[in-house]
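Predicted model, so just to flag it, every value in this text is computed and none were measured. In each ligand, atom 1 is the first atom listed, and ligand 1 is the first ligand listed. Note: hydrogens, waters and symmetry copies are ignored here, and every other heavy atom, side chains too, is used.
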Amino acid sequence: MTIPTESDVINALSRVMDPELGRNLVELQMIRNIKITSSGAVSFMIALTIPGCPLREKISADAKAAVLALPGVKNVTVNLGAMTEEERKAVLGKNQSFSPKLNEFNQVNQVIAVMSGKGGVGKSSVTALLAASLACKGKRVGVLDADITGPSIPRMFGLAPGGVRGSQDGMLPGITARGIKVISVNLLLPEEDMAVIWRGPMISGTIQQFWNQTLWGQLDTLLVDLPPGTSDASLTVLQSLPVNGVLLVTTPQGLASMVVRKAVSMLQQMKVPILGVVENMSYYICPDTGKKHAIFGESHASEIAEAAGVKVWARLPINPQITALCDAGKVEEADLPEIEEIVKLLG
Ligand SMILES: Nc1ncnc2c1ncn2[C@@H]1O[C@H](COP(=O)(O)OP(=O)(O)O)[C@@H](O)[C@H]1O
Ligand SMILES: [Mg+2]
């Protein structure tokens with residue numbers, strides 16, 4: 001019988017990420033005291049960066065599963081411990097601000113990311129409309145605008161640039177008319193049209209800070225508006241935020257459908273649950289004749305949903321009212337039956 005070596009175990013654990021820090025457990029020097037018996041029982045200790053780490057169960061379960069998958073391993077015992085202050089500083093770097101206290105203030109019940117293949121399909125509009133509808137039902141809602149280079153959430157809610165204030169404990173998000181908490185690069189910039197010209201790591205770092213350094217308080221749902229496609233930023237959100245599920249937004253065009261398939265494939269590879277497909281700009285009802293027109297061609301939503309193993313949750317018409325309300329910063333005034341359907345399915 002083959003028994004794994006210590007380096008096999010380390011190797012397996014180097015594929016397990018600390019979801020919050022976005023780095024693997026080995027790189028973070030969290031693994032200690034590996035013991036392997038001749039009968040295939042493996043035990044080790046995980047030194048958490050903070051003892052009460054809210055993600056301890058997940059980290060421990062992921063580590064256990066990774067080692068259990070090695071050939072010859074019969075059972076795995078994970079002991080949880082904590083790093084000393086010196087160890088933590090050495091690993092995380094002295095300049096890295098790390099505020100465990102903050103995570104105690106924040107309690108986010110579910111994180112839903114909204115993703116699309118290509119831009120301009122209405123992903124941000126759907127995110128904003130969903131947030132508004134949830135808030136209308138009395139839910140505590142936050143929106144994290146992860147589109148760092150093309151942020152559009154603040155404008156849709158009529159939030160002015162420069163609205164974010166800092167406190168000793170973190171950033172205070174912008175708050176909309178209906179009490180939705182919003183964080184976005186555009187709330188940090190003095191002017192809305194200033195360009196953010198950053199490379200991937202800066203973008204990823206900002207998204208992580210938006211997650212763990214915003215004073216979200218208690219939220220029922222945090223919606224994350226992703227940038228289009230399968231870029232670095234999307235990867236950061238999916239890897240370092242505890243995303244419960246992803247809503248896919250697409251339009252009927254063949255091109256939009258093709259690219260959204262890439263998003264499906266990314267999510268499947270990353271094992272992030274896909275909740276459903278929303279087809280936006282699905283059709284247009286002519287106000288003069290009442291006739292339905294397929295402006296962007298025939299729908300591919302069912303095929304995409306089938307490939308993703310989910311259902312089409314809604315088909316939204318092209319509705320000039322949506323454009324107008326989004327442009328005017330009054331997205332919270334919209335009242336669309338299709339959005340209500342999605343909210344019902346979100347539960
Ligand atoms: N169903 C719709 N009907 C009319 N206009 C829409 C609809 N969905 C989105 N829009 C408009 O299309 C534009 C692009 O939408 P946006 O949500 O910013 O796309 P994305 O985030 O996918 O890039 C916005 O100006 C928005 O107001
Ligand atoms: Mg957008």
Identify the heavy atoms of [X] and [Y] that sit nearest to each other, and give their distance.
{"X": "L129", "Y": "A334", "value": "CD2-CB, 3.4 Å"}
{"X": "R178", "Y": "C136", "value": "NH1-CB, 3.6 Å"}
{"X": "V76", "Y": "K64", "value": "O-CE, 3.3 Å"}
{"X": "T5", "Y": "I36", "value": "C-CD1, 3.6 Å"}
{"X": "R315", "Y": "A301", "value": "NH2-CB, 3.9 Å"}
{"X": "A263", "Y": "M115", "value": "CB-CE, 3.8 Å"}

TODO: Go through E303 and S257 one step at a time and tell me if the side chain to side chain donor-acceptor pair (under 3.5 Å) criterion holds.
DONE: CA-CA 9 Å; E303 296 153 46; S257 316; over 6 Å; no

Using distance alone, determine whether [X] and ligand 1 share an N or O pair under 3.5 Å.
{"X": "D225", "answer": "no"}
{"X": "S116", "answer": "no"}
{"X": "C326", "answer": "no"}
{"X": "N319", "answer": "yes"}
{"X": "D327", "answer": "no"}

Between ligand 1 and [X], can you find any atom pair, the residue atom being a heavy atom, that is separated by under 4.0 Å?
{"X": "P317", "answer": "yes"}
{"X": "M156", "answer": "yes"}
{"X": "L316", "answer": "no"}

If you count the atoms of ligand 1 from 1 in the order shown, which ones are under 4.0 Å from a heavy atom of [X]?
{"X": "G122", "answer": "9 (C), 15 (O), 16 (P), 17 (O), 19 (O), 20 (P), 22 (O)"}
{"X": "N280", "answer": "1 (N), 2 (C), 7 (C), 8 (N), 9 (C)"}
{"X": "G119", "answer": "23 (O)"}

Just need the protein heavy atom nearest to [atom], so name the residue and atom and give the distance.
{"atom": "atom 22 (O) of ligand 1", "result": "K123 N, 2.8 Å"}
{"atom": "atom 23 (O) of ligand 1", "result": "G120 N, 2.7 Å"}
{"atom": "atom 10 (N) of ligand 1", "result": "M281 CE, 3.8 Å"}
{"atom": "atom 9 (C) of ligand 1", "result": "S125 OG, 3.4 Å"}
{"atom": "atom 5 (N) of ligand 1", "result": "T323 OG1, 2.9 Å"}

Within the side chain of [X], is there an N or O that forms a donor-acceptor pair under 3.5 Å with the backbone of [Y]?
{"X": "N244", "Y": "V111", "answer": "yes"}
{"X": "S14", "Y": "N11", "answer": "yes"}
{"X": "Q208", "Y": "S240", "answer": "no"}
{"X": "N106", "Y": "W216", "answer": "yes"}

Task: S125 near the Mg ion (ligand 2) via N/O/S, less than 2.8 Å - done: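 Under 2.8 Å: S125 has no N, O or S contact with the Mg ion (ligand 2).
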
Open item on the list: Is atom 13 (C) of ligand 1 touching the protein, meaning some protein heavy atom lies under 4.0 Å away?
Closed with: no

